[in-house]
Asks: 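Okay, handing you the structure first.
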Protein chains: 2
Amino acid sequence: MASIRDVARKAGVAISTVSKVLNHYPNVSEETRIKVNEAIRELKFTPNTIASALSSKQAGRVALLVNLNTQTQAIDEIDMQYLSGAINKAQEKGLDVITVFFSMIKDRSVAEIENYLRAQAIEGIIIYGMSREDRVLHKLIEGQQFKIVAVDAPFVNQSTSSVAIDHEKAQYDVARKTLHENQGNRILYIAGKKNGFVTTQRLEGIKRLAAQEGLSLFVRQGDFSEKKARQLTFQYARNRDIIVCASDLMAIGAMRALQEMDIFRPVCGFDGITLMGYAGKQMNTVKQDFYRVSSEAMEEMGRLLEGGEGRAVVLDFSIVRMQYLDIIC
Amino acid sequence: MASIRDVARKAGVAISTVSKVLNHYPNVSEETRIKVNEAIRELKFTPNTIASALSSKQAGRVALLVNLNTQTQAIDEIDMQYLSGAINKAQEKGLDVITVFFSMIKDRSVAEIENYLRAQAIEGIIIYGMSREDRVLHKLIEGQQFKIVAVDAPFVNQSTSSVAIDHEKAQYDVARKTLHENQGNRILYIAGKKNGFVTTQRLEGIKRLAAQEGLSLFVRQGDFSEKKARQLTFQYARNRDIIVCASDLMAIGAMRALQEMDIFRPVCGFDGITLMGYAGKQMNTVKQDFYRVSSEAMEEMGRLLEGGEGRAVVLDFSIVRMQYLDIIC
DNA sequence: TTGTAAGCGTTATCAA
DNA sequence: TTGATAACGCTTACAA
């Protein structure tokens with residue numbers, strides 16, 4: 001492996017000059033720049049990121065903190081889109097990425113986690129799927145020791161940005177569309193997990209709709225579980241006209257239950273996962289582009305790392321109906 | 001951030017002594033070890049992995065090279081299981097992991113890739129989903145510059161191990177079971193992608209069964225595509241008694257086509273993905289534990305990194321029928 | 001514009 | 001068993 005030393009020797013310049021060329025410093029003559037780049041090419045030199053990180057104290061490493069959906073593999077799709085969106089964008093921006101699961105830092109104190117991350121030379125963290133219960137993460141954010149981008153969680157401070165779609169509006173929109181395409185005014189709303197941020201936001205959305213259109217709104221916690229949604233449907237659907245679910249998985253659970261009950265009720269979901277195409281019946285759902293959300297999160301991380309200050313980034317969504325033939329290929 | 005220097009000062013010993021304690025060197029007295037560990041605890045010291053890597057030239061970093069299934073998100077599940085299996089095991093073993101997608105190194109030469117990886121201080125690579133066409137990767141393996149574990153690809157040399165289930169036997173077993181549970185001897189076999197290693201191995205399995213049981217075997221390439229399997233089913237299923245598919249996705253495509261044709265044929269799949277639970281009809285399939293496969297791959301990487309030599313690791317599988325109620329939760 | 005040299009936080013060699 | 005000290009490959013004042 002050629003080192004910066006070899007390049008310097010070959011180009012007949014000092015090591016620091018090579019470094020300057022490498023890092024695009026302004027004060028380098030065109031002549032030497034060319035000489036150096038030639039040497040670099042000839043030696044197939046690639047700078048050692050470890051040494052560079054140690055020296056500059058800037059590793060440009062960001063950790064993806066993922067709350068794996070251990071409940072069901074059917075939505076690994078979401079996490080995978082998150083990961084690939086972030087990783088691809090990171091490579092584009094020359095950032096180094098490591099993936100960390102919530103399970104790995106569970107039960108550790110803030111100080112321990114900070115040390116762990118700092119030892120790994122982590123400068124930034126993108127957090128996916130944080131809930132109100134994750135006290136330690138809240139402290140991590142408050143501490144402002146790291147640049148943080150929170151996906152789907154409303155945290156913003158000097159060194160923290162949030163990235164998300166407008167869940168309130170999305171829930172409102174999809175439910176409204178479903179309502180207007182059908183009859184009835186008694187809604188069964190199957191909500192998400194108790195302390196999730198998106199759960200609250202989506203709930204606000206359906207409440208606004210109900211208030212505005214004078215609907216009878218019956219809310220139950222579904223915990224984002226297909227099974228729970230199934231049970232709730234068996235229990236309450238008969239006396240309701242429309243079933244609005246805070247996730248696709250729950251919508252699928254509800255729809256299958258309805259089929260087994262042999263009654264029909266319009267159902268709508270949220271997320272736009274592929275599985276919706278296999279559900280038999282088509283349903284309205286909010287299509288989030290998870291890949292793009294994550295890609296934007298990494299973009300935002302780049303901004304923060306370069307000294308930008310935290311802000312809230314809001315992305316768009318669309319309302320779709322997913323069907324089998326569009327999904328397979 | 002406390003450094004090794006601070007620890008040394010606090011414990012009243014030399015830096016090198018602290019380093020020895022940190023790395024569990026033998027020649028340290030019980031007394032100093034305790035003193036040092038106390039200082040470490042009090043200062044909440046965590047060694048800087050960057051500095052350690054630079055100094056020892058051993059970063060213990062391994063790259064996960066993933067061939068993302070861009071075709072369909074329905075099987076992101078597989079990649080996600082691979083990633084989480086590897087990452088969890090890596091943390092357990094104190095290895096640092098980065099994730100790289102095939103798309104990121106596409107069109108680069110072997111030398112470029114080697115440089116890229118070396119610059120990232122990568123020592124080992126776990127490759128998921130390599131095919132015969134990936135010439136560059138073959139060269140990377142032959143070069144033996146890195147420790148490599150190939151998942152589902154039959155490469156073994158001094159510094160390369162392979163990890164996989166016995167695809168030939170698995171295909172044989174699942175097809176045999178399906179055959180014996182039903183009538184008929186005319187098989188439509190929908191194979192995988194042309195140059196995939198597992199495609200060949202699974203094909204061998206069905207051929208052995210056909211030869212052994214005197215079956216009429218009709219083989220078509222399905223490219224692991226649900227749509228292709230659907231087309232092939234429409235085209236050929238009528239004159240066949242049983243449809244054996246080299247993947248679950250294709251099995252689902254075949255099954256739906258049969259339903260639309262309004263005829264019944266037994267179908268079996270391969271992989272054991274969650275989606276099978278939503279297919280309507282239950283089918284036999286080979287259940288691979290992807291999480292475990294990947295976990296074992298990382299374990300094997302650990303062995304190689306410690307100087308062990310390459311070998312073939314064969315994992316087990318099971319034949320299952322997947323149904324909706326088992327899958328939801 | 002270029003070069004010299006002092007770090008960055010470890011590990012490892014060799015004396016003590 | 002311990003401690004100095006020279007690497008590791010790079011960045012960055014500061015000097016020339």
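Order of the sequence lines fixes the chain letters, A, B, ..., with proteins taken first and strands second; residue numbering starts at 1 for each chain.
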Asks: L43(A) has an atom CG; how far is it from atom P of dG9(D), in whole Å?
Replies: 14 Å

Asks: Using only heavy-atom distances, decide whether a donor-acceptor pair under 3.5 angstrom links the side-chain of S3(B) to the base of dG9(C).
Replies: no

Asks: Starting at the 5' end of DNA chain C, which residue's closest nucleotide do you reach first, I15(A) or P26(A)?
Replies: P26(A)

Asks: Counting side-chain heavy atoms from CB outward, which of dT2(D), dT2(C), dT11(D) is closest to T17(B)?
Replies: dT2(D)

Asks: For S19(A), which contact category applies under a 4.0 Å heavy-atom criterion: base, sugar-phosphate, or nothing?
Replies: base

Asks: T32(B) near the nucleic acid: base, sugar-phosphate alone, or nothing, with a heavy-atom cut-off under 4.0 Å?
Replies: sugar-phosphate

Asks: Return no unless some side-chain N or O of N48(A) is found under 4.0 Å from OP1 or OP2 of dC8(D).
Replies: no

Asks: Mind checking V18(A) for me? I need base, sugar-phosphate or nothing, with any heavy atom below 4.0 Å counting as a touch.
Replies: nothing

Asks: Identify the heavy atoms of S131(B) and H138(B) that sit nearest to each other, and give their distance.
Replies: O-NE2, 3.4 Å

Asks: Scan side-chain atoms only and decide if S55(A) and S52(A) contain a donor-acceptor pair under the 3.5 Å cut-off.
Replies: no

Asks: Using whole Å, report how far NZ of K20(A) lies from P of dG3(C).
Replies: 8 Å

Asks: Checking only heavy atoms, does the side chain of S16(A) share a donor-acceptor pair with the base of dT4(C) at less than 3.5 Å?
Replies: yes

Asks: Compare side-chain N and O positions of Y25(B) against OP1 and OP2 of dA12(C) and report whether any pair is under 4.0 Å apart.
Replies: yes

Asks: Calculate the interatomic distance between I4(B) atom CD1 and dT10(C) atom C1'; express it in whole Å.
Replies: 6 Å

Asks: Assess the side chains of S159(B) and Q144(B): does a donor N or O sit below 3.5 Å from an acceptor N or O?
Replies: yes

Asks: Look at K89(A) together with E296(A) and state whether they make a salt bridge at an N to O cut-off of under 4.0 Å.
Replies: no

Asks: Separation of R5(A) atom CZ from dC8(D) atom P, in whole Å?
Replies: 7 Å

Asks: Measure CG/N27(A) against P/dC14(D) and give the value in whole Å, please.
Replies: 16 Å

Asks: Using whole Å, report how far CD of Q58(A) lies from P of dT12(D).
Replies: 8 Å

Asks: Got a donor-acceptor contact below 3.5 angstrom from the E77(B) side chain to the D76(A) backbone?
Replies: no

Asks: Could you state the atom-to-atom distance from CD of E123(B) to C1' of dC8(D) in whole Å?
Replies: 14 Å

Asks: Can you tell me if S55(A) touches the phosphate of dT12(D), counting only side-chain N or O atoms and a distance under 4.0 Å to OP1 or OP2?
Replies: no

Asks: Quickly work out the L54(A) CG to dA6(C) P distance and round it to whole Å.
Replies: 17 Å

